[in-house]
Amino acid sequence: MFYELCQSGGQYFIRRTRRLRQKVVVEESLWNTQASALAIWTSLLDGTTY
């Protein structure tokens, strides 16, 4: 499993890619402001829940 911090047009989101039963599953968070997305991203890096 891995995460990506993505940005497009001034909006930010986090993408999670993982393997589930031999398939690759890609999920994305809601598009947020930079501040909101970075708060979530920081919690992922810290290992804390958001």
Next item on the list: Under the side-chain hydrogen bond (donor to acceptor under 3.5 Å, both in side chains) rule, collect the residues that match up with Gln11, sequence neighbours excluded.
Entry: none
Notebook entry, point to check: What residues, two or more places apart in sequence or in another chain, satisfy side-chain hydrogen bond (donor to acceptor under 3.5 Å, both in side chains) together with Glu27?
Noted result: Arg16, Arg18
Item checked: Over all atoms of both residues, closest heavy-atom pair of Asn32 and Ala37 -> CB-N, 4.0 Å
Item checked: Ser29 side chain to Ile14 backbone, donor-acceptor under 3.5 Å -> yes
Margin query: Strictly distance-based, threshold 3.5 Å: is any side-chain N or O of Thr42 a donor or acceptor partner for the main-chain N or O of Leu38?
Written below: yes
Checklist line | Inter- and intrachain pairs under salt bridge (charged side-chain N to carboxylate O under 4.0 Å, His left out), touching residues 32-47, at least two apart | finding: none
Next item on the list: Look at the side-chain heavy atoms of Ile, Leu, Val, Met, Phe, Trp and Tyr, link any pair under 4.5 Å apart, and say whether Tyr3 and Leu30 land in one connected group.
Entry: no
Next item on the list: Go through the structure and list residues passing side-chain contact (heavy atoms from CB on, under 4.5 Å) with Gln7, not counting sequence neighbours.
Entry: Tyr12
Check: Residues sharing Val25's hydrophobic cluster, by side-chain heavy-atom contacts under 4.5 Å among ILVMFWY, directly or via others?
Finding: Leu20
Next item on the list: Hey, could you give me each pair passing ring pair (Phe, Tyr, Trp, His ring centres under 6.0 Å) that has a residue in residues 21-44? Not counting sequence neighbours.
Entry: Phe13-Trp31
